[in-house]
Amino acid sequence: MLNQLVCPNSVIDLSTPQIMGILNVTPDSFSDGGKFADFEPALAQVQRMITDGATIIDIGGESTRPGAEEVSEADELARVIPVLKAIKKRFNILVSVDTSKAKVMSAAIAAGADIINDVRALQNEGCLAALAASNTPVCLMHMQGLPRTMQNNPSYEDLINDIIAFFQQRINACVNAGISRDRIILDPGFGFGKTLEQNFHLLANVSKFSSLGLPILAGMSRKSMIGNLLNREVDQRLAGSISTALIAAQQGAHIIRVHDVQETADALNILKAVTDNR
Ligand code: PT1
């Protein structure tokens, strides 16, 4: 039974869907990256997400939304590691670090990261080795192309089967590198090289990924698939975001990555009451 995920210093209960709260660590979040007081707004946001029901906080220093440019290793380290340390010092909460760079992964693991979340599924140089040197779980996400150009004409032979084949290939690469299967989380990558119709086909078929026997993570919060379907700007996508979260959870997604933790927790608690009283 797929009921938990073992991290080096804790265990994540996966018997009900868990909320991963998104913490934005963009360059302008701090006036002067380094001084502890500069993290107070970020720490206040973490406190709120914990109170609202998040069990994992996801921090990332590289924007991966469509069109985004890559960021240097030095900039990413400077953005992520100090805030990670500050969070782990103040709170007893699991933290995942959203990165595709081996050096950032190693530094994050050394600084107490509980999960590595890689939208490039450990395909960059040195990443398999960085994870193999630890016991930290990793989320392998599917993306076609790279953020800057991924929305230019994405195409698949068969969307779901192509993603499953990609997962099998990356699971094999992990296991061959010494990362055991029970440390792997899978994410089909909503919005990463997929058309509007493909994103909704993916949402309709989240349950298919259960055949791989690993935890599933889904992230659709405030994304273009919601905005373009409903014709809503990014600050008007809450109802759409909650709806997608619930549809994924109902199909067995284990971890839902969201901005709006309190509202998503309410929706998931409604689902839990239905499930518990079936
Ligand atoms: C995700 C994810 C992520 N999404 C995981 N990590 C982002 N594991 C960052 C849009 O279409 O789904 N899973 N890390 C954010 N990326 C995007 C992509 C943001 C697309 C917005 C869009 O608007």
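All ligand and atom numbering here is 1-based and tracks the order in the structure. From a predicted model like this one, the values you see are computed outputs, not experimental measurements.
The distance criterion of under 3.5 Å between nitrogen or oxygen atoms is met by D98 with respect to ligand 1. Residue-to-ligand polar distances place S224 within reach of ligand 1: an N/O pair is separated by less than 3.5 Å. Polar contact check, D187 against ligand 1: a nitrogen or oxygen pair lies under 3.5 Å apart.
Under a cut-off of 6.0 angstrom, the local environment of NZ in K88 is crowded, with over 12 non-hydrogen atoms contributed by other residues, nucleotides or ligands. Environment of CG in L230: crowded, with over 12 heavy atoms of neighbouring residues, nucleotides or ligands closer than 6.0 Å.
The distance from ligand 1 to the heavy atoms of M141 drops below 4.0 Å at these ligand atoms: 1 (C), 5 (C), 13 (N). Within ligand 1, counting atoms from 1 as listed, the ones closer than 4.0 Å to a heavy atom of G191 are 20 (C). Atom numbering of ligand 1 starts at 1 in the shown order; those under 4.0 Å from a heavy atom of L217 are 8 (N). Near V119, meaning under 4.0 Å from one of its heavy atoms, ligand 1 places the atoms 3 (C), 6 (N), 14 (N).
Taking 4.0 Å as the cut-off between side-chain N and carboxylate O, E40 and R90 count as a salt-bridged pair.
Put simply, the side chain of R183 gets close to the backbone of L131: a donor and an acceptor are under 3.5 Å apart.
Each of L122, L128, I115 was compared with V138 under the side-chain contact (heavy atoms from CB on, under 4.5 Å) criterion, and only L122 meets it. Each of N117, D118, D58 was evaluated against S96; a single residue qualifies, D58, per the side chain to side chain donor-acceptor pair (under 3.5 Å) test.
Using a 30° and 60° split on the angle between ring planes, Y156 and H142 fall in the tilted class, from 30° to 60°.
The protein heavy-atom contact nearest to atom 15 (C) of ligand 1 is T64 OG1, 3.7 Å. Distance from atom 7 (C) of ligand 1 to its nearest protein heavy atom, with residue and atom name: R257 NH1, 3.4 Å. Remark: minimum distance from atom 6 (N) of ligand 1 to any protein heavy atom is reached at N117 ND2, 3.1 Å. Scanning all protein heavy atoms for the shortest distance to atom 20 (C) of ligand 1 gives P66 CD, 3.4 Å. Scanning all protein heavy atoms for the shortest distance to atom 19 (C) of ligand 1 gives R65 CB, 3.5 Å.
F192 is not connected to F200 by any chain of hydrophobic side-chain contacts under 4.5 Å among Ile, Leu, Val, Met, Phe, Trp and Tyr, and they are in different clusters.
Residue contacts with ligand 1, taken as heavy atom pairs separated by less than 4.0 Å, do not involve D58 at all.
Take N135 and apply the side chain to side chain donor-acceptor pair (under 3.5 Å) test, not counting sequence neighbours, and it matches no residue.
Within the set E62, M220, K223, the minimum heavy-atom distance to atom 12 (O) of ligand 1 is found for K223.
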